[in-house]
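Labels below follow one simple rule: chain letters A, B, ... track the order of the sequence lines, proteins then strands, and each chain is numbered from 1. Excluded from the calculations below are hydrogen atoms, water molecules and symmetry mates; all remaining heavy atoms, backbone and side chain alike, are included.
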Amino acid sequence: MARYNAKESEQRWQAAWNDDHVFLTPTDRAKPKCYVLEMFPYPSGRIHIGHVRNYTMGDVLARFKRAQGFNVLHPMGWDAFGLPAENAAREKHVSPRDWTYANIAAMKDQLKLMGLSLDWTREFATCDPAYYKHQQKLFLDFWREGLVYRSEADVNWDPVDQTVLANEQVIDGRGWRSGAPVERKKLSQWFLKITAYSDSLLEALDTLSRWPEKVRLMQKNWIGRSEGLRFTFKLSNGGEVEVFSTRPDTLFGASFVALSPDHPLTEELAKQGGALARFQAECRRIGTAEEAIEKAEKLGYDTGLTATHPFDPNWKLPVYVANFVLMAYGTGAIFGCPAHDQRDLDFVHKYNLPVVPVVIPEGADPRSFDVGNEAYVGPGRLANSRFLDGMTVEQAKDEVAKRLEAQGGAKRTVQYRLRDWLVSRQRPWGCPIPMVHCAKCGVVPVGESDLPVKAPDDLAFNVKGNPLDAHPTWKHTTCPKCGGAATRDTDTLDTFVDSSWYFARFCDTNAAEPVNREAVDYWLPVDQYIGGIEHAILHLLYARFFMRAMKKAEWVRIEEPFAGLFTQGMVCHETYKDSKGDWLPPEAVNKRDGGAFLKDSHEPVTVGPSEKMSKSKKNVVAPETIIDIFGADTIRWFMLSDTPPERDIEWTAEGADACWKFVQRIWRLASETGLPPVGTPVSGDHPLRRATHRAIAAVTEDLAALRFNRAVAQVYTLVNAVGSTQNAPPAAQREALETLVLLIGPMMPHLAESCWEALGHKPFVATAPWPVADPALVAEDTITMAVQVNGKLRGTITVAKDCDKAEAEKAALALETVQRVLDGKTPKKVIVVPNRIVNIVA
RNA sequence: GCCCCCGUGGCGGAAUGGUAGACGCGGCAGACUCAAAAUCUGUUGCCUUCACGGGCGUGCUGGUUCAAGUCCGGCCGGGGGCACCA
């Protein structure tokens, strides 16, 4: 019997699927739909093993749903704008476009080796003008709907990438791509009004039942809703200042008012120059980097002004400018209550201001309660607070709000941490912002008939700043409104805009408008989205916002783009170092006799922990290499086996060998001769038939729940059953083997086709219906029940399914082991859980 | 600092409160072979026993329950998210 030739088989079946258009998206609307999507890749030029894991999972699901009779949409495209193309352009003197499309071609070839059931006719790249044309249209729609605005603001400036970043793209005070500490700059920039949907984005999280709890929680924290009160303090200079507080109950514990260094009032006071202006500059210099914040002392500048306590005209509070007050949150001004806020407490210790506890924990004495160095933030009763004394925190909050609202100038509000999405990027390889700046008319949108606004091809990349801005002619245009001379906006959109709606475009990639409404109504939302956890906030929040904005612009009717979300784990590998401490690639290492050695010199190698595959640690394996050795099915099987899909998986050579052996084992079973012909009726009740139908039920359930590792285990169980019942009736053997092939179809599609053919069937498994389990063969008719005495296992009994309790009890008590332990005593109590357990309490 | 998740054999991991360790890797023993590879069979949590058997076992510790890996409290360890957000 010939060994299974994966390479030959895989090429053959990939060609056959392609020739027969097996994976084209159905156009009928009669069947239920299932939209399966994996996060589309950035075209770096090579697929890495993380892609393989991601796309294998998606492909299994797509094939499984197709077999179950769904109309499946399973497309692929390219998130193609971005900085690496510009860097390549600068270093290799190629155009970003040529570089990107060459990478796409190379990656597509590699992806095709995996045998993914994708509809390639829907492929597009976000850098195609045919795509971003519609994105520009959406931008203009959003502008019309009031969801786009331009504003001068403090922005996060990445000094390495020479561009601004959104808040979500600043990780620990550093640029998400460059890793450079982010600087603050004041620039006029484009924003998308994501905060218009703060509440909706927050509340709808509860409806996303098929999202990981973790991701929902991360988004919830990111949006950061808090309820509080806005109210004003009158100032000694005749002005007033509005503050925001979530703890208005602590108002009688106030000891200062603090303004942000960027507060308009601070600006005004600093105009006179001098110490305050210097203080202000100092605060700005420190920036937003994590280390800076960690080390930065709470610093204040006493303005000399005082603020009048809203409940006591004779009570004056000092007004400081403080470095820890953020202009972007609340009103940019606060009142400080040191006893019940750690930050305020640190501040007053420095400036010797009073600390008056006003919330006293249950059981403590109000006269002697002292917070010491740790602010008390727990519940309790109000004290030292005049008319609030004795109230709970909640009652006091309410009372203060009521009274201040009555006095005027106060308002209960909800405050969010979420900021608007800054989408301007000073980069040329992106979607140009379709706006024109006219001296006479101001900002004017480009006419829709003039879309797409395309960037020129002849960009110079050796310039400082944005090559688009530096281009000699491109930005000069005429005003769409008055026809006079005007300039184009030279910023491009954040590439996260590109990925915020691509899944909607996939529904009809030929649509003349941004989307085909009929197609999106049918296909959206995406039923199962699969990708990395690293997009938990950025991409997934932006896409949720985009759906809402597109709904407002009447392109879609839904608000949530992804009904199901799955975040898969990373692929890891052991790390290796030689005696000099330099990293070694896995292929240079030979593992034997419990040790690891260099392949050529037999020098011992230090084996380090398994870590995410990365170039710097050299612990990478190239997908194309392992596909070349084992074939795609082996790699796919590895990616699905053993480790639950949401966890990190470790790639090992032994594991790959084992998967390869299993491929051969299935091939040996399926290519056996001596089976009755296709269509031989099978009936009766044989253990092999039971194993077969139990496998159908279990694999079906596990695949539907994306428990691929368990589905794999169930397949092994069936294979073991086939192997150990060689004397089963031939028809039952055929049934078992055919079932096996159908069950592995989504996971090892090429092997399945070859086996299907060997079993005498016509192609394709890919279009064959999913097997259905016979309930009569899945159900057990005899049950093994555990018998415990005082919770300790003493034996088992075999009884008829659903036998009555008395019968089970009698059988259990009859066990010799039970009798020995009971030693003649009568049990106090016997608990019988039908079909499960008998517990005898002695 | 705040919030969240996870701790099960040598390893990856199973287990609606009901026989802990399914399935796989690795190990051990055997068959086939001149030999090896490949394949097949058996075995494999720990301790104890010639054996039958017995005891102990899901990070530690208390609790709820006839019954706890699973539920609740406290601790220890690992990972992640947010972080001057008033």
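At a threshold of 4.0 angstrom between heavy atoms, the contacts of A/N709 are confined to the sugar-phosphate backbone, with no base atom among them. Across all strands, A/K792 comes closer than 4.0 Å only to sugar-phosphate atoms, never to a base (heavy-atom distances). Residue A/S641 is classed as having no contact, given no heavy-atom separation below 4.0 Å to the nucleic acid. At a threshold of 4.0 angstrom between heavy atoms, the contacts of A/I831 include nucleobase atoms, whether or not backbone atoms are also involved. Residue-level contact check: A/V833 touches the bases, meaning some heavy atom is under 4.0 Å from a base atom. Heavy atoms of A/R794 sit under 4.0 angstrom from primed sugar atoms or phosphate atoms, though from no base atom. When heavy atoms are screened at a 4.0 angstrom cut-off, A/F244 is found touching base atoms of the nucleic acid.
Closest to the side chain of A/A658, out of B/G13, B/C25, B/A86, is B/C25. Which of B/C25, B/A86, B/U19 sits closest to the side chain of A/A786 comes down to B/U19.
At a threshold of 4.0 Å, the pair A/E242-A/R230 counts as salt-bridged, since one of the basic side-chain nitrogens sits closer than that to a carboxylate oxygen. Between A/E780 and A/R694 there is a salt bridge, with a side-chain nitrogen of the basic residue lying less than 4.0 Å from a carboxylate oxygen of the acidic one. The existence of a salt bridge linking A/E227 and A/R225 is confirmed by a sub-4.0 Å separation between a basic side-chain nitrogen and an acidic carboxylate oxygen.
Nucleotides B/A22 and B/G45 are separated by 15 Å at their C1' atoms, to the nearest Å. Straight-line distance between the P atoms of B/U58 and B/U70: roughly 9 Å, to the nearest whole Å.
The base-pairing partner of B/G7, taking Watson-Crick or G-U wobble contacts with both distances under 3.5 Å, is B/C76. Across all strands shown, B/C85 forms no Watson-Crick or G-U wobble pair with both key distances under 3.5 Å. Across all strands shown, B/C71 pairs with B/G63; the Watson-Crick or G-U wobble distances both stay below 3.5 Å. With a cut-off of 3.5 Å on both Watson-Crick or G-U wobble distances, the partner of B/C23 is given as B/G12. B/G42 is paired with B/C28 under the criterion used here, namely a Watson-Crick or G-U wobble arrangement in which both key atom distances are under 3.5 Å.
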| task | Please report the C-alpha distance between A/L706 and A/M57 in whole Å, then the side-chain angles of each, then the deciding distance to 0.1 Å, and finally whether the side chain to side chain contact (heavy atoms under 4.5 Å, CB included) criterion is met. | result | CA-CA 8 Å; A/L706 289 88; A/M57 291 179 192; 6.0 Å; no

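Nucleotide B/G9 carries a syn base; the chi torsion (O4'-C1'-N9-C4 or O4'-C1'-N1-C2) is within 90° of 0.
Nucleotides of RNA chain B nearest to A/T652 and A/W222 differ in position, and the one nearer the 5' end is that of A/T652. Each of A/N720 and A/I840 has a nearest nucleotide on RNA chain B; the 5'-most of these lies closest to A/N720.
A distance of 12.5 Å separates CG in A/L740 from CD in A/Q733, rounded to the nearest 0.5 Å.
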